[in-house]
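Written below as structure tokens is the structure these notes are about.
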Amino acid sequence: MPSIFKRVVSSVCLLFVGTIFSSTLLVNSAAATPFYAPPPPTEDAPIFSGDAELGFTHLSGNTNSQTLIGKTRLTWLTGDLTHSLRGEVRNVSKNGETSAEQYLLAGRERYDFSGPHYLFGFARWEKDRFAGYDQQLSVIGGYGRQLLEGSRHSLSLEAGPGYRNDRLRDDDNERLAVAYSALAYRWGFSDYADIEQEMSVEYTQQNTTARSLTALTARLNSRMSLRLSHEIKHNSQPPDDTSVRTDTTTSASLLYRW
């Protein structure tokens, strides 16, 4: 266990340095979205809320390509529990051939108790046509701590054990124990814009998966926002039929909240 802990901490530190650099670049541009811990509900928070994000580009002429990115999240409250569901889809095609196709569904629970402490648990299903996996199912739970909570700054850390089932295309399924850690930070630097930074590391005996999402959101009105996001996913040891270890997605999109 000590060696696992050291590797997880080391991966978090390396990822933190890289994402700080990327968020510095984004400050001078535009916006993105969270995909880890939902923040603690405020006293006047609605019982039910949600958001939907859509980005689409289409090129024609010398190059024929199109890109679609869609994300949605629903959140509702029951006492000290915060429930959330989210879904994501990405599709990129060029000259009629698909070059990227990703789907994600996840559900998450957060239970707040005395002070800044909370417990969490989530299940996540992923399918990435070009990542070497037919699909992946993860179930993770653990302890979190809300270090900062205010109108300008919010920071939470969490960690815990989990389980992941990797279904490979040309091999048997892999059932893996997971050591998980994550960070979620939000800086509301004005009344109309904020930056969010989320990172997680999932360590197994087979590989380490690190994720980062940097988001800059500018509100247009009470419902609509403009968002620029930069997402990184790094797999230290992908399946043999996958040559690239790091996937990045930079997108501009419209966000609708209700």
Side-chain angles (χ1 to χ4, degrees), residues 12 15-56 69-77 82-88 90 104 106 108 110 112 116 118 120 122 144-158 181-201 210-233 248-258:
V12 170
L15 186 59
F16 180 73
V17 172
T19 49
I20 287 295
F21 175 73
S22 64
S23 44
T24 301
L25 295 178
L26 288 173
V27 168
N28 296 321
S29 283
T33 176
F35 60 96
Y36 296 117
T42 59
E43 293 183 359
D44 59 346
I47 298 298
F48 182 83
S49 61
D51 58 57
E53 180 182 349
L54 180 64
F56 179 77
I69 295 178
K71 300 181 182 181
T72 185
R73 183 170 66 174
L74 301 175
T75 302
W76 67 98
L77 310 175
T82 302
H83 319 274
S84 63
L85 292 173
R86 68 184 178 96
E88 297 181 9
R90 295 178 175 88
L104 182 146
R108 183 182 179 101
R110 170 175 172 147
D112 287 277
Y118 67 90
F120 73 93
F122 69 85
R145 183 178 176 88
Q146 195 74 36
L147 299 180
L148 296 174
E149 182 182 351
S151 59
R152 291 297 184 186
H153 298 279
S154 175
L155 173 64
S156 63
L157 300 174
E158 57 186 39
S181 62
L183 172 153
Y185 172 71
R186 174 187 171 276
W187 173 33
F189 59 89
S190 80
D191 294 336
Y192 305 100
D194 58 62
I195 291 177
E196 293 167 296
Q197 176 64 63
E198 298 190 358
M199 298 177 290
S200 76
V201 175
R211 305 167 192 258
S212 168
L213 178 63
T214 304
L216 175 61
T217 304
R219 283 172 286 282
L220 304 176
N221 54 42
S222 60
R223 299 290 186 183
M224 298 290 294
S225 299
L226 179 64
R227 171 171 286 175
L228 180 68
S229 64
H230 183 66
E231 187 172 344
I232 304 170
K233 181 179 178 181
T248 62
T249 303
T250 301
S251 61
S253 57
L254 284 175
L255 176 68
Y256 178 79
R257 288 193 172 110
W258 65 88

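Residue indices begin at 1 and follow the sequence shown. Below, all heavy atoms of this structure are taken into account, side chains as well, without hydrogens, waters or symmetry copies.
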Roughly how far apart are [X] [atom1] and [Y] [atom2], rounded to 0.5 Å?
X: Leu255; Y: Ser225; atom1: CG; atom2: OG; answer: 5.0 Å
X: Glu196; Y: Ser154; atom1: CD; atom2: OG; answer: 9.0 Å
X: Lys233; Y: Thr249; atom1: NZ; atom2: OG1; answer: 10.0 Å
X: Ile69; Y: Glu53; atom1: CD1; atom2: CD; answer: 8.0 Å
X: His153; Y: Trp187; atom1: NE2; atom2: CH2; answer: 7.0 Å
X: Arg152; Y: Arg186; atom1: CZ; atom2: CZ; answer: 8.5 Å

Close side-chain approach of [X] to [Y], heavy-atom, < 4.5 Å:
X: Tyr185; Y: Ile195; result: no
X: Thr75; Y: Ser84; result: yes
X: Thr217; Y: Asp194; result: yes

Where [X] and [Y] come nearest, the two heavy atoms and their spacing:
X: Thr72; Y: Trp258; value: OG1-CH2, 4.4 Å
X: Ala193; Y: Arg219; value: N-NH2, 3.2 Å
X: Leu220; Y: Leu226; value: CG-N, 4.2 Å

**Request:** For Leu254 and Leu54, run side chain to side chain contact (heavy atoms under 4.5 Å, CB included): C-alpha distance rounded to whole Å, both residues' side-chain angles, the deciding distance at 0.1 Å, then the answer.
**Result:** CA-CA 6 Å; Leu254 284 175; Leu54 180 64; 5.9 Å; no

**Request:** Would you confirm whether Thr214, through its side chain, and Glu231, through its main-chain N or O, come within 3.5 Å as a donor-acceptor pair?
**Result:**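 Absent.
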
**Asked** So, Arg73 side chain and Leu85 main chain: donor-acceptor pair closer than 3.5 Å or not?
**Response**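 No, because the side chain of Arg73 does not come within donor-acceptor range (under 3.5 Å) of the backbone of Leu85.
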
For [X], check side-chain contact (heavy atoms from CB on, under 4.5 Å) against everything at least two apart and list the hits.
X: Pro116; value: Arg145, Gln146
X: Tyr192; value: Ser190
X: His83; value: Trp76, Thr78, Leu81, Glu109

**Prompt:** Can Asp51 and Lys71 be counted as an ion pair, charged N to O under 4.0 angstrom?
**Reply:**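 Between Lys71 and Asp51 there is no salt bridge, as every charged N stays at least 4.0 Å from the carboxylate O atoms.
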
**side chain to side chain contact (heavy atoms under 4.5 Å, CB included) between Val201 and Met199, worked out** = CA-CA 7 Å; Val201 175; Met199 298 177 290; over 6 Å; no

**Request:** May I ask you to decide if the ring planes of Phe120 and Phe122 are parallel, tilted or perpendicular, using 30° and 60° as cut-offs?
**Result:**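 Phe120 and Phe122: parallel rings.
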
